[in-house]
Amino acid sequence: MRRMNLRDIPDDVYTALAEAAEANRQSLNAFVVDRLAEAAEVLHMSDYVASYQPPRGTGISMEDAVAAVRKVRDAS
């Protein structure tokens, strides 16, 4: 494990993170570490998408899959 010190966090960002951590019954540190872990996964998502091969015989293209994900995401 590594340590990280964050500086110059805007007050509104700090407040939003602290409130979200409390709502999730987590310490601020645990909440921020979880969000950073999620961000790190997304950094590599483009590599996954670029290498993904849809199952054969499904008739579903990568464009179809991306459109379906966007549709659900936009509806949220």
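Because the structure is a prediction, the values reported are computed rather than measured.
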- Item | Common cluster, I9/F31, ILVMFWY with side-chain heavy-atom separation under 4.5 Å | yes
Treat each ILVMFWY residue as a node, draw an edge where side-chain heavy atoms are under 4.5 Å apart, and state whether L6 and V13 are in one component.
yes
Which atom pairs, one a donor and one an acceptor, fall under 3.5 Å between side chains of residues 14-28 and the rest of the protein, sequence neighbours left out?
from : atom 1 : to  : atom 2 : distance (Å)
T15  : OG1    : D11 : O      : 2.9
N24  : ND2    : A20 : O      : 2.8
Q26  : NE2    : D34 : OD2    : 2.6
S27  : OG     : A30 : N      : 3.0

Those residues at least two apart in sequence (or on a different chain) that pass side-chain hydrogen bond (donor to acceptor under 3.5 Å, both in side chains) with S61 are E63, D64
Besides V72, the hydrophobic cluster formed by Ile, Leu, Val, Met, Phe, Trp and Tyr side chains linked at under 4.5 Å, directly or via other members, contains none
